[in-house]
Amino acid sequence: MSRQYANVIIDIVHTAVDRVFQYEIPEELWEELSVGMKVRVPFGKGNRLRDGYIIGFTDKTDYDPLKIKRIAEVCRDGIPIEGQLIQLAAWMKERYGSTMIQALKTVLPVKRKMKTAEKKLLVRKITEDECRELLSVYRRKKQKARVRFLEALSEDEVLPYEMVVQKLRVSSASFRLFLEQGICSLETEAALRNPIHGMERNESRVTLNGEQSQAVDGLWDVWNGDRCPSLLYGITGSGKTEVYMELIRRVIREGKQAIVLIPEIALTWQTVMRFYRQFGDRVSIVNSRLSAGEKSDQLERARRGKIDIMIGPRSALFTPFPDLGLIIIDEEHETAYKSETVPRYHAVETAIERCRLAGAMVVLGSATPSAASYYKAQNGEYHYFQMKTRAREASSLPSVEIIDLRMELKEGNRGIFSRRLVTLMKETLDRGEQILLFLNRRGYAGFVSCRSCGEAVKCPHCDVSLKVHRDGTLKCHYCGFEMPLPRKCPSCGSPYIAGFGTGTQKVEAMVRAMFPEAGVLRMDMDTTSRKGGHDAILSAFADGKADILIGTQMIVKGHDFPRVTLVGILAADLSLYSGGYEAGERTFELITQAAGRAGRDVLPGHVVIQSYAPDNYSVEAAASQDYEGFYWHEILYRKLLRYPPVCKMLSLLITSKEEERAEKMAGRVKELAEAEDRDGILELIGPAKAAVSRINDVYRYMLYVKCEEEEPLLAFKRQVEEMDWDRQVLYQFDLE
DNA sequence: AGCACGCCGACT
DNA sequence: GTCGGCGTGCTC
């Protein structure tokens, strides 16, 4: 790759990522320039020197080469934060296969929409009467734009700049004269508000127990040492947050800043409050509930050094702190840390790269670390710290029983509640305590099938079965297709079709029938879709307004309900059959977390795990809260079948509206892999139809390539990208 | 954001 | 004619 020209984005603050401009590189800068560097370039008709950032290099251009200007100089005064984020974007582009623009858009705070943020205002500096006099002068001169402006200005002393320029269509040239004459002035409203306000600050210094201070000291040594990533394994209730806070305090004392990533679903006020009590208004949060303006306010505050700690989901990773010292990723194993949109980055890997660029440290925390992270900790790639005792001694581990649903079936119980669970529910209700019923959602929402031919009613656009909704309609969860419940089977015409399987709604109906006097709350996509629905249900349950809470994943993430003493996991093993090599890991995590909700306070807790595979190691290990037991089983399985993290695996999703085209391209990729694999180190699986082989009339093929090392896979990925792709076929990479 | 260009009405 | 302001579009 030659570097004749540099791709430059001009002055981030104003034009953001809007456009890329190409500049010739002076020979003496050939070696020195790299992505992310700040340069000064001649721009526009007047060739005014402006700041720009290099985002890449090329040797060819569509633009008239004669018109291309040269870079004037490099700014050597340290790489500013934007440059560092651009370097990160370049890394993401390579690692996850997106365009540079896509990567930049996820990484750079888009400050374009300054509507609610720092507003520019035009303020009248003369009296209303003087203004009207001036107005009549310009009426006589028939200068329309200035008349419009003065009319508005005599009405209101303060005018928003954007309104003047856009609605009044008055260009800056028209009122520049007024600015020079002191008739009006341009002022900025510092409106960078903090979303956390009006809270009591109570800086009681956290006291750490022995295990916690050991972890802090160990991590602090790493911070003062090589700053390699660290994994903090701490069982539920061991007090990881206290460790994070003490570590953050020390990092801030060194004049650096910290980012705390929390899965969006677990980002509750309680969590934020704990940090706020310690660090006051030096903390800020970003989350999806914040408006674009509020969000960019927070990022701007971070950039200007007004805050030291940013708490937020995945995207908070890109907070433009000028001197980042620490990134903490809580619940490191969560799937929410993987982006679903291009670039499909993983927060853990990306955090590690950002810290490498910034000279900062990553701490991964979890009660159930991902097999990949634990493996790296075992191999010395990460430092490892553990906390194995509950911080609050009063709370004891709950008693756990596994119920074999096959036995229940044999003994004639075809319901979804085992007899043991019903008994315990009754006892719990009699004691006036609360119950949590957890339903593993994967592949479990009710669908409709024909009793004669066994065929399930499928979506006409996707390769999935339709789900029954409360209002009696059938819905596709992938493309949104809707249809009324048919009277006859669409494939054989038999009238005997019926709902099958169990969703949260059905569980709710059954619980209400069994315990008519109990208050029941349900939490799923339907009940939480409106704004605040999530928090409303949780706080209603926490306040004791209901006895039983039924829900999916979202009820088990980081919420404390002290009066819950019974947790029922209705079909613990269903996620085992969801396909994918991570099924066991997901199952273990879900059961462990759900079980951890019982007996969080002084009351003793019970957990009932109902399963069709009670002797599966994921279920058994979760029941005994034995992470290490689970891990060694799991890693053995991955070693046998050569799955990540033991092997590296590149997955390639190939999609097209026309099935044959997708299939043909998938075949060509396979041929390429076979032809290029001279050393025989690549292991190919597929191509085959994806688990969901069609979504919204787009056909999907998967191809997996496994290898001991990562580098050959990256080389192969680059070759695939350079292939002559059929324009009707799209592809996506994933490397694990 | 700033600069130039083309357009149009007003004034010498 | 030409001067000056207005609105628009482009900037490698």
Side-chain angles (χ1 to χ4, degrees), chain A residues 2-27 29-30 33 35-75 82 86 99-101 104 108 110-115 117-122 134-153 159-181 183-188 296 300:
Chain A
S2 160
R3 38 165 57 203
Q4 176 127 31
Y5 302 111
N7 293 332
V8 174
I9 49 175
I10 306 290
D11 200 284
I12 313 263
V13 181
H14 296 302
T15 48
V17 197
D18 280 345
R19 218 149 83 211
V20 177
F21 296 92
Q22 279 158 346
Y23 282 87
E24 204 180 309
I25 302 169
E27 235 162 273
L29 296 179
W30 249 62
L33 290 182
V35 169
M37 275 185 161
K38 191 173 167 182
V39 287
R40 312 256 309 151
V41 289
F43 191 72
K45 297 276 157 63
N47 277 337
R48 275 172 55 105
L49 286 183
R50 292 179 148 276
D51 289 345
Y53 293 90
I54 296 182
I55 63 159
F57 300 98
T58 41
D59 55 354
K60 52 177 183 255
T61 172
D62 296 333
Y63 200 71
D64 181 359
L66 294 171
K67 288 190 188 166
I68 290 184
K69 299 171 186 173
R70 308 180 103 218
I71 291 173
E73 57 174 321
V74 205
C75 306
E82 279 82 6
I86 289 167
T99 64
M100 190 62 190
I101 295 293
L104 281 170
L108 288 178
V110 182
K111 286 197 281 179
R112 213 64 283 271
K113 291 275 175 283
M114 283 288 232
K115 283 204 174 78
E118 190 180 80
K119 257 187 179 170
K120 280 209 230 167
L121 300 168
L122 287 159
L134 205 60
L135 179 58
S136 53
V137 172
Y138 281 94
R139 276 223 179 87
R140 252 176 280 133
K141 287 190 183 174
K142 301 208 169 159
Q143 297 184 9
K144 282 187 284 179
R146 284 179 179 161
V147 166
R148 281 201 303 275
F149 175 65
L150 288 170
E151 270 172 353
L153 198 64
L159 296 171
Y161 185 91
E162 295 228 318
M163 192 268 266
V164 173
V165 173
Q166 283 169 20
K167 274 203 182 144
L168 261 45
R169 302 241 52 114
V170 177
S171 63
S172 60
S174 303
F175 55 76
R176 185 166 46 223
L177 183 73
F178 297 148
L179 287 171
E180 282 162 9
Q181 291 174 348
I183 289 163
C184 64
S185 70
L186 185 62
E187 290 173 17
T188 53
S296 78
E300 186 56 21

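A note on names: the letters A, B, ... follow the listed sequences, proteins ahead of strands, and every chain is numbered from 1.
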Report task. Please round to the nearest 0.5 Å and tell me the distance separating atom CD of Q4(A) and atom CD of E24(A). Result -> 6.5 Å
Query raised in the report: Base, sugar-phosphate, or nothing for Q143(A), non-hydrogen atoms under 4.0 angstrom?
Result: sugar-phosphate
Query - Length of the line joining F43(A):CZ and dC3(B):P, which is rounded to integer Å - result: 12 Å
Query - Nearest-angstrom distance from the residue atom CD1 of I68(A) to P of dC10(C) - result: 18 Å
Report task. Would you mind reporting whether L29(A) and V39(A) have side-chain heavy atoms less than 4.5 Å apart? Result -> no
Requested in this report: Would you classify R148(A) as touching base, sugar-phosphate or nothing, given that sugar-phosphate means primed atoms plus P, OP1 and OP2, and contacts are heavy atoms under 4.0 Å?
Outcome: sugar-phosphate
Query - Nearest-0.5 Å distance that lies between atom CD1 in I9(A) and atom CD in E82(A) - result: 9.0 Å
**Report entry** Ring centers of F149(A), Y138(A) separated by less than 6.0 Å
**Finding:** no
Query raised in the report: Quick one: I10(A) CD1 to dG2(B) P, roughly how many Å, whole number?
Result: 14 Å
**Report entry** Separation of dA1(B) P from R50(A) CZ (nearest whole Å)
**Finding:** 9 Å
Query raised in the report: Checking all strands, does Y63(A) fall into the base, sugar-phosphate, or nothing category for heavy-atom contacts under 4.0 angstrom?
Result: base
Query raised in the report: For L49(A) and dA1(B), what is the distance between atoms CG and C1' respectively, to the nearest whole Å?
Result: 15 Å
Report summary line: Scanning both residues in full, the closest heavy-atom pair of I68(A) with Q22(A) reads CG2-O, 3.7 Å
Query - Shortest non-hydrogen contact from L49(A) toward R40(A) - result: CB-NH2, 3.8 Å
Requested in this report: Describe the nucleic acid contact of R19(A) in one word from base, sugar-phosphate, nothing, applying a heavy-atom distance below 4.0 Å.
Outcome: base
Query - Closest contact, heavy atoms only, R70(A) versus P26(A) - result: NH2-CA, 3.6 Å
Query raised in the report: When the distance from CZ of R146(A) to P of dG7(C) is rounded to whole Å, what number comes out?
Result: 11 Å
With the criterion being N/O to N/O and under 3.5 Å, what pairs connect the protein with nucleotides 5-12 of chain B, and how long is each?
none

Report summary line: note: R48(A), atom CZ; dA1(B), atom P; distance rounded to Å ~ 12 Å
